[in-house]
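Note that this is a predicted model, so its numbers are computed, not measured. Note: hydrogens, waters and symmetry copies are ignored here, and every other heavy atom, side chains too, is used.
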Amino acid sequence: QSASRVAQIIRDLSFYFAPVSQLNDLYEFRVRSLYTETPESKYRVYAKQLVKMQFFDSVEEAVEGIKNCDLENEATEAYQFFVQQLNATLTQLMQHSGVTCFSHHRNNQRMWGTYGDNHAGAVIEFSTSPERSRFAAHLMPVLYLEKRFELCPSEFLTDSLTLDQWLSGALCCIKHWHWRDEGEWRLLMLADSEQSTEARIVPFERSAITRVFLGPRIARESEDCIRELAAGHYPEIPVFKRNID
């Protein structure tokens with residue numbers, strides 16, 4: 001991050017879950033673009049409903065039952081209604097959710113040049129240990145794909161006929177192969193309604209921070225500020241400065 005942003009994070013010990021519109025990949029969170037419908041798709045939602053009502057023991061058995069019992073119209077109507085509701089929900093998630101991004105790398109030169117204010121910023125290193133941080137268990141790795149991920153819309157419907165939130169979150173962690181050098185991990189705040197700026201700011205524990213690395217081009221004033229803020233915590237946050245060797 002920039003030096004000023006790093007100083008703010010160290011001072012406040014909080015994350016900001018940025019709106020999706022601020023992300024650098026135009027295709028992010030566009031889960032609907034992953035839909036892959038097959039001739040079986042229109043049966044699967046109704047089939048899950050029939051399994052839930054205990055008419056069948058499995059979705060596969062229910063699909064065959066729908067075909068054999070001439071229930072195609074009912075299945076088509078159920079599928080169309082579900083997809084309509086699913087699309088509306090996914091659109092709301094894209095509009096209102098938030099994300100905080102991390103990198104697996106701390107010495108990637110392109111990352112320092114792009115996100116580290118041309119080497120004048122700093123890096124905050126966080127622990128991934130659940131003992132040191134509550135958010136560690138919620139970190140999700142970004143999946144970088146060269147080809148389109150194929151997904152039947154019915155996969156969003158759980159056995160209890162609710163939206164699969166884990167799948168929704170996982171699909172919000174897909175990026176194109178071109179971004180793979182970022183080695184990104186994420187914290188997600190899934191929301192289907194408007195979030196205030198205050199609601200997007202979430203605190204974390206001091207123990208979550210392990211070290212801070214200053215860029216070799218950081219201004220002296222910024223360096224002094226970060227070191228002073230780091231020293232003000234207990235225990236003190238270790239601060240190191242990168243050198244060009």
Side-chain angles (χ1 to χ4, degrees), residues 1-31 34 89-108 110-112 114-117 121-145 149 156 163-176 179-213 226 229-230 233 237:
Q1 301 276 357
S2 66
S4 60
R5 178 66 171 146
V6 167
Q8 179 265 312
I9 293 174
I10 295 174
R11 182 185 67 241
D12 299 337
L13 295 182
S14 64
F15 292 133
Y16 174 65
F17 285 80
V20 178
S21 60
Q22 295 182 15
L23 299 178
N24 56 17
D25 187 344
L26 291 174
Y27 298 98
E28 293 211 57
F29 277 64
R30 298 185 182 275
V31 178
L34 303 176
T89 299
L90 292 177
T91 297
Q92 290 177 326
L93 289 178
M94 183 174 178
Q95 291 176 343
H96 304 301
S97 294
V99 59
T100 291
C101 304
F102 305 82
S103 175
H104 182 72
H105 312 290
R106 68 165 183 263
N107 290 323
N108 184 304
R110 193 185 73 80
M111 296 288 285
W112 269 98
T114 302
Y115 299 103
D117 192 19
V123 163
I124 303 177
E125 183 182 73
F126 291 94
S127 172
T128 57
S129 168
E131 287 74 29
R132 299 190 60 165
S133 168
R134 288 175 298 171
F135 72 77
H138 301 284
L139 284 167
M140 302 181 69
V142 168
L143 182 63
Y144 299 95
L145 301 178
F149 184 85
F156 285 94
L163 178 68
D164 190 327
Q165 295 192 10
W166 185 92
L167 179 62
S168 301
L171 293 176
C172 291
C173 291
I174 290 179
K175 296 188 73 167
H176 193 276
W179 300 96
R180 64 189 182 280
D181 64 322
E182 292 184 345
E184 186 178 343
W185 287 68
R186 289 182 171 176
L187 287 176
L188 294 175
M189 180 185 70
L190 293 181
D192 58 5
S193 60
E194 186 173 355
Q195 302 294 305
S196 65
T197 299
E198 292 73 19
R200 293 180 178 276
I201 299 174
V202 179
F204 60 83
E205 308 91 335
R206 154 62 191 93
S207 57
I209 297 181
T210 56
R211 297 180 289 186
V212 173
F213 296 89
I226 290 176
L229 290 169
H233 286 288
I237 299 173

- Are Glu184 and Cys173 close enough, and set up right, to give a side-chain contact (heavy atoms from CB on, under 4.5 Å), and what steps lead you there? CA-CA 9 Å; Glu184 186 178 343; Cys173 291; over 6 Å; no
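- A side-chain donor-acceptor contact under 3.5 Å links Arg206 to the backbone of Ile209.
- Atom OG of residue Ser168 and atom CG of residue Leu163 lie 4.0 Å apart, to the nearest 0.5 angstrom.
- Annotation for Arg134: atom CZ does not count as buried by contact number, only 12 or fewer foreign heavy atoms lying within 6.0 Å.
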- Task: Tell me, with the steps shown, if Phe17 and Gln195 meet side-chain contact (heavy atoms from CB on, under 4.5 Å).
- Result: CA-CA 10 Å; Phe17 285 80; Gln195 302 294 305; over 6 Å; no
- Give the C-alpha distance, both sets of side-chain angles, the deciding distance and a yes or no for side-chain contact (heavy atoms from CB on, under 4.5 Å) between Phe126 and Trp185. CA-CA 12 Å; Phe126 291 94; Trp185 287 68; over 6 Å; no
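- The backbone N or O of Gly121 lies less than 3.5 Å from no partner atom in the side chain of Ser2, so there is not a single donor-acceptor pair.
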- Task: Show your reasoning for whether side-chain contact (heavy atoms from CB on, under 4.5 Å) applies to Met111 and Asp181.
- Result: CA-CA 9 Å; Met111 296 288 285; Asp181 64 322; 5.6 Å; no
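- No side-chain N or O of Ser207 forms a donor-acceptor pair with one of Glu205 less than 3.5 Å apart.
- Side-chain atoms of Asp117 never come within 3.5 Å of backbone atoms of Ala3 as a donor-acceptor pair (strictly under, hydrogens ignored).
- Counting only distance, with no hydrogens or angles, the side chain of Thr128 and the backbone of Ala136 share no donor-acceptor pair below 3.5 Å.
- Closest of all the heavy-atom pairs between Phe29 and Ser97 is CE2-CB, 4.0 Å.
- Between the side chain of His104 and the backbone N or O of Pro141, no donor-acceptor pair lies under 3.5 Å.
- The environment of Gln22 atom CD is dense: over 12 non-hydrogen atoms of other residues, nucleotides or ligands sit within 6.0 angstrom.
- When all heavy atoms of Met94 and Arg30 are compared, the closest pair comes out as CE-CZ, 3.5 Å.
- Remark: Gln165 CD is loosely packed, at most 12 non-hydrogen atoms of other residues, nucleotides or ligands lying under 6.0 Å away.
- The aromatic rings of Phe102 and Phe135 lie parallel to each other, their planes meeting at an angle below 30°, with 60° marking the opposite boundary.
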